[in-house]
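Written out below as structure tokens is the structure these notes cover.
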Amino acid sequence: MSFRKVNIIILVLAVALFLLILHHNFLSLSSLLRNEVSDSGIVGLQPIDFVPNAPRHAVDGRQEEIPVVIAASEDRLGGTIAAINSIQHNTRSNVIFYIVTLNGTADHLRSWLSSNTLKSIRYKIVNFDTKLLEGKVKEDPDQGQSIKPLTFARFYLPILVPSAKKAIYMDDDVIVQGDILALYNTPLKPGHAAAFSEDCDTASTKVVIRGAGNQYNYIGYLDYKKERIRKLSMKASTCSFNPGVFVANLTEWKRQNITNQLEKWMKLNVKEGLYSRTLAGSITTPPLLIVFYQQHSTIDPMWNVRHLGSSAGKRYSPQFVKAAKLLHWNGHFKPWGRTASYTDVWEKWYIPDPTGKFSLIRRHMEISNIK
């Protein structure tokens, strides 16, 4: 065999070895990024074929993707996980979760999402830049709580989900019992950028929070003594809506510059104090009420059965809770806290934190009492 032929054989073997190593590294990377969406929008490197604990079926790649945006703050991460788990196990649709968080929480979130129960979900972790809020929010000592940046993520949906035409936003204190596809298919009227559940609907009865006024009309959220509010000619008795769950037409949202409009009212509030001094709910609600005044569609009331967190007692019958498509523990009594209503329903979807950083407060109390 000539010296030249030996060199060619050695070269071929070297190339083959290089390709083998490259293939091995590719598989390792594929495993690492299995479910997380890359920045280019490609959903992982391995397709998701089945949804656990649901009728076994192959996910049709031609199905329309349903973007679900949800925030994930470190101190409420268990709520986010339970909400995601409940959505994924009750749908046959092509859902992709856009989980909005801060840099310090991303690694904790990834480790939790690697749990066996959640391995089939498709998601993208999106870092929320708090610089977006500069000059738009200020601490209010009368409210007694610090500003939580992630609560404003809902204002920036087109930035968080840039390629989608439509998306669902929901808070982290919810459990979904219906197929999310039904909520996604909520019809929006022409010219409407979002659909909310109104506070005067039949499913959520009128609630009065002690010391906070009415939680079901505009006067509970806006200061009608301020001239700028009065000039808007919005009736104070207008039924408010809950922004914890909504469907957004992002094409219309961008066309109307909704985000810019919301930021405008945030800045004006910092300068003039336009929100009610006895604010009935989240500080994200007033600017949404202004921008969407008589310009929003409605979702089925059963898709936002709320006020489960307004007291520790049970305000709904077990039959009604079972029939609800979405349960919402808005209020101070969270299902992962010391006490809340229908915690057994919420815990059905809760997955313990593999890192041990997050734990149910009442579980700690029960263990302490036993000791």
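Because the structure is predicted, anything quoted here is derived from the model rather than measured.
Relative to the six-membered ring of Tyr342, Lys314 meets both conditions, a distance below 6.0 Å and an angle of at most 45° to the axis.
For the salt bridge (charged side-chain N to carboxylate O under 4.0 Å, His left out) condition, the pairs that include at least one residue of residues 152-168, sequence neighbours left out, are Arg154-Asp171. Pairs of residues two or more places apart, or lying in two chains, that qualify as salt bridge (charged side-chain N to carboxylate O under 4.0 Å, His left out) and include a residue from residues 244-261 are Glu252-Arg255. For residues 229-248, the ring-ring contact (aromatic ring centres under 6.0 Å, His included) pairs, not counting sequence neighbours, are Tyr169-Phe246, Phe196-Phe241, Phe196-Phe246, Phe241-His296.
One finds no salt bridge joining Glu263 and Lys267 here, because no Lys/Arg side-chain nitrogen approaches an Asp/Glu carboxylate oxygen to under 4.0 Å.
Under the ring pair (Phe, Tyr, Trp, His ring centres under 6.0 Å) criterion, Tyr224 pairs with no residue at all, not counting sequence neighbours. By the side-chain hydrogen bond (donor to acceptor under 3.5 Å, both in side chains) test, Thr105 pairs with Glu74, sequence neighbours left out. Under the salt bridge (charged side-chain N to carboxylate O under 4.0 Å, His left out) criterion, Lys226 pairs with Asp223, sequence neighbours left out. With sequence neighbours left out, Arg230 forms a side-chain hydrogen bond (donor to acceptor under 3.5 Å, both in side chains) with no residue at all. Asp173 pairs by the side-chain hydrogen bond (donor to acceptor under 3.5 Å, both in side chains) definition with His328, Lys334, not counting sequence neighbours. The ring pair (Phe, Tyr, Trp, His ring centres under 6.0 Å) test applied to Trp265 returns no partner, not counting sequence neighbours. The side-chain hydrogen bond (donor to acceptor under 3.5 Å, both in side chains) test applied to Ser73 returns Asp75, not counting sequence neighbours. For Glu134, there are no salt bridge (charged side-chain N to carboxylate O under 4.0 Å, His left out) partners at least two apart in sequence or on another chain.
Remark: side-chain polar atoms of Thr238 are not paired, donor with acceptor, to backbone N or O of Tyr218 under 3.5 angstrom.
In terms of heavy atoms, Thr101 sits closest to Leu109 at CG2-CD2, 4.5 Å. Across Ser282 and Thr151, no two heavy atoms sit closer than the pair OG-OG1, 3.8 Å. Between Phe128 and Ala153, the shortest heavy-atom contact is CE1-CA, 3.9 Å. Heavy atoms only, all atoms of each residue included: Pro301 and Ser197 are closest at CA-OG, 4.1 Å.
Within the model, atoms CG of Asn242 and CG of Asn304 stand 4.5 Å from one another, a figure rounded to the nearest 0.5 Å. Here the CG atom belonging to Leu289 is positioned 10.0 Å from the CG atom belonging to Asn217, to the nearest 0.5 angstrom. If you take CZ on Arg306 and CG on Asp199, they are separated by 4.5 Å, rounding to the nearest 0.5 Å. In this structure, the separation between CG on Asn90 and CD1 on Ile175 is 9.5 Å, given to the nearest 0.5 Å. Note that the NE2 atom of His192 and the CD atom of Gln256 stand 8.5 Å from one another [nearest 0.5 Å]. One distance of note links CG of Asp107 with CD1 of Ile125; it measures 8.0 Å at 0.5 Å rounding.
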| task | Starting from the C-alpha separation in whole Å, work towards a yes-or-no answer on side chain to side chain contact (heavy atoms under 4.5 Å, CB included) for Leu360 and Trp346. | result | CA-CA 12 Å; Leu360 305 183; Trp346 182 85; 3.6 Å; yes
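Inspection of the Thr259 and Trp253 side chains reveals an N or O donor paired with an N or O acceptor under 3.5 Å. Ser115 and Thr117 are not linked by any side-chain donor-acceptor pair at a separation below 3.5 angstrom, with hydrogens and angles left out of the test.
Using a 4.5 Å cut-off between side-chain heavy atoms of Ile, Leu, Val, Met, Phe, Trp and Tyr, with links allowed through other members, Leu288 and Val270 fall into different hydrophobic clusters.
Classification of the Phe155-Phe152 ring pair by plane angle, with boundaries at 30° and 60°, yields perpendicular.
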Solution key, residues 179-191 side-chain donor-acceptor pairs under 3.5 Å, sequence neighbours excluded:
unit_1, atom_1, unit_2, atom_2, d
Asp179, OD1, Thr91, OG1, 2.7
Asp179, OD1, Leu181, N, 3.0
Tyr184, OH, Glu64, OE2, 2.8
Asn185, ND2, Leu181, O, 3.4
Thr186, OG1, Leu183, O, 2.6

